[in-house]
J.: 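Submitted below is the structure of interest, expressed as structure tokens.
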Amino acid sequence: MTLLRSASATDTGLVRSVNQDLALESPTLFAVADGMGGHAGGEVAARLAIDTLAVAFTRNASGAGLYEAVREANASVWDHSVDNPELRGMGTTMTAAALVEEDGRDVLALANVGDSRSYRFHEGELTQITADHSLAEEMVRAGELTEAEAAVHPHRHILTRALGVSSAIEVDLWRIQPRRGDRYVLCSDGLTNEITDDQIREVLATVADPQEVADLLVRAARTHGGSDNITVVIFDVVVGEDDEDAPTVAAVEVDFVTPSSDEPPAQVGSPSPADEDVTPLAGPEPLRPSWWARRRSRRKARKAARGRRLITLRSLLFVVLAAGVVAAGWFVVRWYDSNAYYVGVNNNELVIYHGRVGGGVLYSPVEVQRTGVTIADVPSYVVPQLNKGVPESSLDSAQSYVANLKRTQIATTCVQNPALPICAELAKLGTATTTTVPGAVPPTTKAP
Ligand code: MG
């Protein structure tokens, strides 16, 4: 069983007006986040990252769980910045440590992104566990700068990794065997930019109470300039599992595992005897994301892929339905326009047209029959109506209408002049005076 004792302190410093650092201190989970970004973006990013880390780690309190919790914190800050354009560009560092049980043993899992740091103080020696993800430190690791040059390099504050600035993040992770008497320091760069590792080590070596240590370190950073926010979390291993198996703390094994590199972390000062026994595990240990995290990643990837498609299934269906409605409307209107006839006049001749009087929306009238009947052959009172067009429902009814007009005119003539030859023929048909013209007022007739 392992017991920890912790404390923390934070300060805005002497230059900044707001504190964008945030500390997390709980019985088994500790973290420091150093937010960045204007318009309160740094505060929002640090708060989102810390809150997400705490909730996600509670779901899976393991080394892999810590790894996933940091990745989830990244997604949370990134998603929030995408949804809130005024916060674009915000981000945060994150260094986090958790006491977890793996294979029946207590271990410390430690994760890092950015240039906040984690140190281990063991038997009087201070070791920096994390590697800064800053441009200057990357150049040091590449052999392009010395530590002294990096300390004053103009790009020493430019980060090469931070949470929330991209949808994907690479997280460094270590497993460490907790040993009784060891102390751990998580801090923002507001501490390490102002005081040296030797000064930190001196405080850790001489002050027992962790709260006093945290307060002294913050005060020292203020005294040396306080140009940035300063945050420190201290936790001491007051009982370690090695107490049960090896009370003399002889059998200590510390494993540093980084997923991105086989190299052990940078070390400050001479390695302690215990550190000389450090053996990196064979290659990066596969800290598999949890089932829940993999499912979440797949869903996000599918969602992102859907978002990139030019035409989605839903929009395609909408276009097809809309096209169907338009086509159906077009056919209905055209059918209505073309499903009619009317009788009109063209060069004094009665003509039958296919279409609506005056023309339709989608169908222009077409001449289908010239009747050979002139306006002189029909009653004069229907001519104005014919000039406008007389609608009929079919070609047959239009032809009947014209025939009736002609017959009516003959009948009228025969009433006035029964001796005409045509009147005798009409009399034989028995239609001399009984014909009516649809839509017309018949003339007043006199008895023969
Ligand atoms: Mg800072």
Side-chain angles (χ1 to χ4, degrees), residues 8-25 30-51 53 70 73-74 77 81 87 89-97 110-119 128-140 147 150-166 169 171-172 184-197 199-200 203 214-234 266 268:
S8 63
T10 187
D11 192 273
T12 305
L14 302 175
V15 176
R16 303 289 175 90
S17 57
V18 293
N19 192 347
Q20 297 186 325
D21 282 1
L22 202 59
L24 171 66
E25 186 194 348
F30 313 92
V32 166
D34 179 353
M36 60 184 185
H39 303 291
E43 291 170 272
V44 173
R47 171 57 66 189
L48 269 175
I50 289 287
D51 289 351
L53 178 86
V70 174
N74 177 71
V77 179
S81 72
L87 296 175
M90 71 174 178
T92 182
T93 70
M94 166 83 65
T95 189
L110 200 147
N112 185 63
V113 174
D115 68 350
S116 292
R117 290 180 179 177
S118 293
Y119 291 92
Q128 181 182 333
I129 302 169
T130 54
D132 294 350
H133 300 137
S134 68
L135 195 58
E137 288 300 323
E138 303 279 4
M139 292 168 76
V140 170
E147 286 285 358
V152 294
H153 196 278
H155 293 160
R156 65 186 181 280
H157 300 304
I158 295 178
L159 297 184
T160 53
R161 276 195 237 169
L163 295 188
V165 297
S166 167
I169 188 68
V171 182
D172 288 350
Y184 290 84
V185 180
L186 313 186
C187 62
S188 62
D189 66 340
L191 177 74
T192 52
N193 285 337
E194 305 294 359
I195 63 174
T196 65
D197 291 343
Q199 289 170 314
I200 296 173
V203 174
D215 291 340
L216 274 173
L217 289 175
V218 167
R219 205 176 308 149
R222 279 178 62 95
T223 306
H224 285 79
S227 61
D228 195 1
N229 306 144
I230 313 149
T231 299
V232 175
V233 172
I234 305 290
V268 179

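These numbers were taken from a predicted model, which means no experiment stands behind them. Order of appearance sets the numbers: ligands from 1, and atoms from 1 within every ligand.
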J.: What is the minimum heavy-atom distance between V32 and S188, and which atoms define it?
T.: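 Taking every non-hydrogen atom into account, CG1-N, 3.8 Å.
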J.: Can D172 and H133 be counted as having a side-chain donor-acceptor contact under 3.5 angstrom?
T.: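 Present: a donor and an acceptor within the cut-off.
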J.: Write down the atom of E194, the atom of S227, and the distance for their closest heavy-atom approach.
T.: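 Residues E194 and S227, closest heavy atoms: OE2-OG, 2.6 Å.
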J.: Only N/O/S atoms count here: what is the atom of D189 closest to the Mg ion (ligand 1) called?
T.: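 Sorting the N, O and S atoms of D189 by distance to the Mg ion (ligand 1) puts OD1 first.
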J.: Looking only at heavy atoms, which two atoms of T92 and A33 are closest? And how far apart?
T.: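 Taking T92 first and A33 second, the nearest heavy atoms are OG1-CB, 3.5 Å.
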J.: So which of the N, O or S atoms of D228 lies nearest the Mg ion (ligand 1)?
T.: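 In D228, the N, O or S atom with the shortest distance to the Mg ion (ligand 1) is OD2.
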J.: Of all N, O or S atoms in D34, identify the one at the shortest distance from the Mg ion (ligand 1).
T.: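 Considering only N, O and S atoms, D34 comes nearest to the Mg ion (ligand 1) through OD2.
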